[in-house]
2 protein chains.
Amino acid sequence: MLTAELESVVMHFGEMGNRWGFNRTVGQMFALIVFTEEPMNADQIAATLGISRGNVSMGIKELQSWQLIRTQSLPGDRKDYFKPNGSIWDLAMQVMVERRKREMDPTLSLLRSQLISSEAEDNNNYTHQQMHAIHDLLEMFGGWFTDMQKMKPEQLKTLLKLGSGVGKVLDMKERLIG
Amino acid sequence: MLTAELESVVMHFGEMGNRWGFNRTVGQMFALIVFTEEPMNADQIAATLGISRGNVSMGIKELQSWQLIRTQSLPGDRKDYFKPNGSIWDLAMQVMVERRKREMDPTLSLLRSQLISSEAEDNNNYTHQQMHAIHDLLEMFGGWFTDMQKMKPEQLKTLLKLGSGVGKVLDMKERLIG
DNA sequence: CTATATTTTCAATAATTTCTGAAAATTCAA
DNA sequence: TTGAATTTTCAGAAATTATTGAAAATATAG
């Protein structure tokens, strides 16, 4: 059973699903699992959302491929119960990791091989320059992101809250140390 | 006419289109415009990609709604010619701005109104806590991103390249100033 | 204005993605 | 083992999204 409040959020996550890289029902399932305290089994999910058992099975596979949910088994019950794979912060990080894999890595890889395979040829044409610019940008963002992941969540949160204030700190460091 | 190299990148951008928030032909059009030095008109785009004139018209509208392309008129020619709306850096920033609008803002807005409308009620249940956590996370990232946009590109690039090194700078500042 | 060039719109169609549900596969208690 | 419980798979159906192309709208040169 869904409170009106929970229902509106579940529906919203369903609508946003496509924009976030999965489909409507996967979005709804994710919301249901994240916003419900008690882990749910696949039948409960299917009944609550009014979708088929098979669809739930595929949605679970998808959410697991994103590493967003995990199973928990309850004693005396053979069914799998699903719950979020960590805190909201963990889930957000995981979404960013996966999106990078799916949205940036393939392009970085293609551009890299294109640029290497034509190394000897005329690589000062406009197309090459643009390819190079995108390649370098993706690499810079990718490296930055990998680096950020290494930081402790608390330090990362501090940094995020500091915002552009970090620019001032850097200027100061520049003046003090050079 | 498309060199083999340009064609492979155009096709790739087409395949990635869905993941980036638009469809195949819009992705191809974007690649074509970004990687071709001379601005192209709609007929040229349609002929090069082998798609209908109407499809190009809709794709242009889409790319303009993302503010990724703009028109240029050539003297003695009534057709519109299209080119990228700035440098690769500018385009990347613009994609991030638009994706934030489309992927984060609606959810932030929904969560905010949900949390406000139930202010008086029991707001210590699990669903509320999770909603709050997502709300705060989105707000933190959003604020950070707004802040980053205010920085000069050069300073921002420095920051990105510094990566987690920024943590050390912050620690140092902490020790020096508190 | 008028005629022509150009762009946009949108109903019909095509292509793709999602969903169902029954069958197959798997798991596990007894 | 056996057999019931559970999960997964996947072919066909349904729903959604993308594309075409011709008609309508718009723009502009003469």
Side-chain angles (χ1 to χ4, degrees), chain A residues 10-33 39-66 68-83 102-103, chain B residues 10-33 39-66 68-83 102-103:
Chain A
V10 166
M11 291 302 118
H12 175 82
F13 274 55
E15 285 161 27
M16 298 300 284
N18 350 341
R19 307 194 196 183
W20 295 339
F22 24 78
N23 65 37
R24 180 151 38 88
T25 48
V26 172
Q28 291 178 352
M29 288 174 57
F30 180 60
L32 198 56
I33 292 170
M40 299 180 86
N41 65 46
D43 286 330
Q44 291 172 325
I45 294 171
T48 309
L49 297 177
I51 61 180
S52 74
R53 186 60 185 70
N55 200 356
V56 171
S57 183
M58 292 190 299
I60 286 167
K61 211 165 69 171
E62 176 78 357
L63 288 171
Q64 280 174 333
S65 87
W66 283 76
L68 291 173
I69 63 173
R70 59 200 176 90
T71 55
Q72 170 165 49
S73 38
L74 299 188
D77 190 339
R78 281 170 58 178
K79 288 193 173 70
D80 282 335
Y81 285 76
F82 299 94
K83 62 179 186 181
R102 294 159 198 239
E103 299 173 10
Chain B
V10 166
M11 289 304 118
H12 176 83
F13 274 55
E15 284 162 26
M16 299 299 286
N18 347 339
R19 308 193 195 184
W20 295 340
F22 25 78
N23 65 37
R24 180 151 38 90
T25 47
V26 172
Q28 292 177 352
M29 288 174 58
F30 179 60
L32 199 57
I33 292 170
M40 300 179 86
N41 65 44
D43 286 329
Q44 291 172 323
I45 294 170
T48 308
L49 297 178
I51 60 180
S52 74
R53 186 60 185 73
N55 199 357
V56 171
S57 184
M58 291 191 299
I60 286 167
K61 212 166 67 171
E62 176 76 357
L63 287 171
Q64 281 173 331
S65 86
W66 282 77
L68 291 173
I69 62 173
R70 60 200 175 88
T71 55
Q72 171 165 48
S73 36
L74 299 186
D77 190 339
R78 281 169 59 177
K79 288 193 173 69
D80 282 335
Y81 285 76
F82 299 95
K83 63 179 185 181
R102 294 160 199 238
E103 299 174 10

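Bear in mind that the values here come from a model prediction, so they are computed numbers and not experimental data.
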Distance test, side-chain N/O of B:R53 to OP1/OP2 of D:dT20, below 4.0 Å: no
D:dA29 base / B:R78 side chain donor-acceptor hit below 3.5 Å: no
Atom of B:M40, atom of B:L32 and distance for their closest heavy-atom approach: SD-CG, 3.6 Å
Touch class at under 4.0 angstrom, heavy-atom based, for A:R24 against every strand present: sugar-phosphate
Rounded interatomic separation in angstrom, taking CG from B:D80 and C1' from D:dT26: 12 Å
Distance, rounded to the nearest Å, where B:Q44 contributes CD and C:dT7 contributes C1': 15 Å
Test of ring centre spacing under 6.0 Å for B:F13 and B:W20: yes
Whole-Å gap separating P (D:dT7) and CD (A:Q64): 11 Å
Which nucleotide in C:dT6, D:dT8, D:dT20 has an atom nearest any side-chain atom of B:D77: C:dT6
B:M58 CE - D:dG21 C1' separation (whole Å): 11 Å
Nearest to side-chain heavy atoms of A:K79, which nucleotide of D:dT8, D:dT6, C:dT8: D:dT6
Residue A:N23, side-chain heavy atoms: nucleotide from C:dT18, C:dT20, D:dT9 that is nearest: C:dT18
Spacing between B:N55 atom CG and C:dA12 atom C1', to the nearest angstrom: 15 Å
Check: A:E15 side chain, A:H12 main-chain N or O, donor-acceptor pair, under 3.5 Å: no
Polar contact flag, side-chain donor to acceptor under 3.5 angstrom, B:N55-B:S57: no
Interatomic distance, A:I51 CD1 vs D:dA15 C1' [rounded to whole Å]: 15 Å
Atom-to-atom span, CG of A:N18 to C1' of D:dA18 - whole angstrom: 14 Å
Length of the line joining A:K61:NZ and D:dT9:C1', which is rounded to integer Å: 8 Å
Ring centers of A:W66, A:F30 separated by less than 6.0 Å: no
Sugar-phosphate, base or nothing in reach of A:N41, heavy atoms under 4.0 Å: nothing
Residue-phosphate contact under 4.0 Å: B:T25 side-chain N/O, D:dT19 OP1/OP2: yes
